[in-house]
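For reference, the structure is listed below as structure tokens.
Note on naming: letters A, B, ... go to the chains in the order of the sequence lines (proteins, then strands), and numbering restarts at 1 for each one. Given the structure is predicted, the values throughout are model-derived calculations rather than measurements.
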Amino acid sequence: MGGVTLYGHPQSPYVRRALMAFYEMGVQDFDFKVVSSSKGDTKTDEYLAMNPFAKMPLLDDNGQYLYESRAIMRYIAEKHAGESSSDLVGKDPLERALVNQWVDVEGHSVTEQVAVVVEENFLKKLMGTGEPDKDRADAAKEKLARLFDVYEKHLEGREYLVGGRFTLADLTHLPYTELLPHAGAAELISSRPNMSKWWERISSRPAWKKVQQLEAKLS
Amino acid sequence: MPKLTLHGTAISPYTRRVIMTLYEMGVEDFVHIPVSPLTGGTKTPDFIKMQPFARIPVLEDNGSIIYESRTLMRYVADKYMDQGPNLLGDTLMERALVNQWIDIEGHTFSPPVMILVYERVFKPHLHKRPCDEERWKDGREKLSRVLDIYEKHLEGRDYLVGNSFSLADLTHLPFTELLPAAGAFDLIESRPNVCRWWARISSRNAWKRTQQVEPYEF
């Protein structure tokens, strides 16, 4: 089976991260196969043979499998770097390190807390999986507030997190931050002027609009 | 005057990750300042100015500041590529697979290890509070499921990616080193492929040197 296929559900923040990389780099030539974890699609023998960790997204590039959304976004950005004027990765070791640094802050500090707020204040009600734990949500919001204070200061006089342009550092923040309003936590961003401007700027990119419209397109 | 300064006590697994990479890449000429969060070293105004999230390790390189241990290991491997081994991956796909396993380590492997270390090591020794046995058992169960996947992947393989040691392997060293103290090293020993892989990567000279900077007492 030739070609490039991305497996995932269009609502998954992790899948949206990978899709954003495809669209930002102008990659048209790929298949998107919808899989649903709630339907057990990621636990079949066929899927586990490709991603034994049973997670999405999963990339099949001509029979070579790659998973983990941030690894996929880096791969797509690097693979198509020559075809695009976009440099999402960084032009020298230092710039690459600063991009990586913010991807790590997102991945290991921010998203963990956003996921708690989203779970307690949004997902539990949506999926009927239990009563929201307000203390847990409030503790996560407090941690997020402290983290976002640092972002607010960093974004003073900056349009993007690294290098004066859109990079993977900004991209990686799109999927989970998008969920904050659903979890009643939009004011964490809206109360911070620099973060608000940054959020408005990165979330209005055409490629992000395309990600958001994909589910409607598929149905 | 060396232009490279690493801030962070080598007791921290995160700092060990960076020291290991420096030694692997043959970088000897750096200053090491053993800042410790346990003694308030990361809460001083000077430190916060450098690392506003108040975490170690931090690297100062000729006036530039970079942090996050996995970022630093990538940076050192990248910057010194000409003088040391290629720890990043030889091809585009190999580089991607190295990144994939670094993410697996960070988001799937280390979280249960951290639970085990917190319950069995930090709580009793630092906070003088008892281990939550249920939470510890749950951590062992989670880590076991993850290691079953590693066991299968490492069948017929010496390293996680390609035919040589890479950051994919390196990134696992510091937390796995703590498993004996956390009462869970049997999970490694009971899996032949994982055990073999662990013996290989932990016997590297650079790792032995890293451990000697601040040997663990347990």
Side-chain angles (χ1 to χ4, degrees), chain A residues 14 48-49 51-55 58-59 61-82 89-90 92-112 115 143 146-154 162 168-169 172, chain B residues 14 17 48-49 51-55 58-59 61-82 88-89 91-111 114 145-153 161 167-168 171:
Chain A
Y14 302 97
L48 290 172
N51 182 352
F53 294 96
K55 297 250 190 68
L58 165 69
L59 183 68
D61 188 338
N62 287 287
Q64 176 71 72
Y65 306 121
L66 180 68
Y67 42 87
E68 293 298 304
S69 65
R70 295 173 192 88
I72 293 173
M73 82 176 178
R74 292 171 200 269
Y75 173 69
I76 292 299
E78 211 190 321
K79 183 183 178 191
H80 297 278
V89 172
D92 55 50
L94 178 61
E95 208 182 53
R96 284 194 283 275
L98 293 172
V99 171
N100 288 334
Q101 176 188 288
W102 286 100
V103 173
D104 278 351
V105 172
E106 174 272 309
H108 294 287
S109 297
V110 171
T111 285
E112 192 184 326
K143 288 197 176 105
R146 302 288 68 79
L147 292 167
F148 285 167
D149 285 343
V150 178
Y151 277 70
E152 182 64 10
K153 204 162 169 210
H154 177 76
V162 180
L168 296 182
T172 196
Chain B
Y14 302 98
R17 189 174 273 134
I48 299 224
K49 200 160 158 226
Q51 214 290 22
F53 298 100
R55 306 277 283 272
V58 187
L59 192 71
D61 188 354
N62 206 19
S64 299
I65 303 287
I66 318 165
Y67 46 87
E68 290 293 321
S69 68
R70 296 174 188 86
T71 288
L72 294 180
M73 83 177 174
R74 287 175 153 117
Y75 174 66
V76 170
D78 190 3
K79 183 181 174 184
Y80 297 98
M81 179 95 81
D82 294 336
L88 293 171
T91 62
L92 171 65
M93 182 48 83
E94 247 188 31
R95 281 195 291 279
L97 292 169
V98 170
N99 286 332
Q100 173 193 287
W101 284 100
I102 293 173
D103 279 357
I104 293 286
E105 174 272 311
H107 297 287
T108 303
F109 174 87
S110 288
M114 290 197 279
R145 302 287 66 81
V146 172
L147 287 175
D148 286 343
I149 299 172
Y150 277 65
E151 179 66 10
K152 205 165 168 209
H153 176 76
V161 180
L167 295 185
T171 195

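Most heavy-atom pairs under 4.5 Å with chain B: of the set A:Arg70, A:His108, A:Glu112, this distinction falls to A:His108. For the set B:Asn99, B:Thr71, B:Asp61, the count of heavy-atom pairs under 4.5 angstrom toward chain A peaks at B:Thr71. Contact count against chain A (heavy-atom pairs under 4.5 Å) is highest for B:His107 among B:His107, B:Lys79, B:Met81.
With sequence neighbours left out, A:Lys55 forms a salt bridge (Lys or Arg N to Asp or Glu O under 4.0 Å) with no residue at all. Residues that satisfy the salt bridge (Lys or Arg N to Asp or Glu O under 4.0 Å) test with A:Glu152, not counting sequence neighbours, are absent from this structure.
Heavy atoms of other residues, nucleotides or ligands lying less than 6.0 angstrom from CZ of B:Arg55 number 12 at most.
The aromatic ring centres of B:Trp101 and B:Phe109 sit 6.0 Å or more apart.
No part of B:Arg145 comes within reach of chain A, as not one of its non-hydrogen atoms sits under 4.5 angstrom from that chain. Of the two parts of A:Leu48, neither the backbone nor the side chain holds a non-hydrogen atom closer than 4.5 Å to a non-hydrogen atom of chain B. Both the backbone and the side chain of B:Arg70 have a heavy atom closer than 4.5 Å to some heavy atom of chain A. In this structure, the portion of B:Tyr150 lying under 4.5 Å from any heavy atom of chain A is its side chain and not its backbone. Looking at A:Val105, both its backbone and its side chain come within 4.5 Å of chain B, counting heavy atoms on both sides.
Under a 3.5 Å cut-off, the side chain of B:Gln100 and the backbone N or O of A:Glu68 do not form any donor-acceptor pair. No donor-acceptor pair closer than 3.5 Å links the side chain of B:Arg95 to the backbone N or O of B:Leu88.
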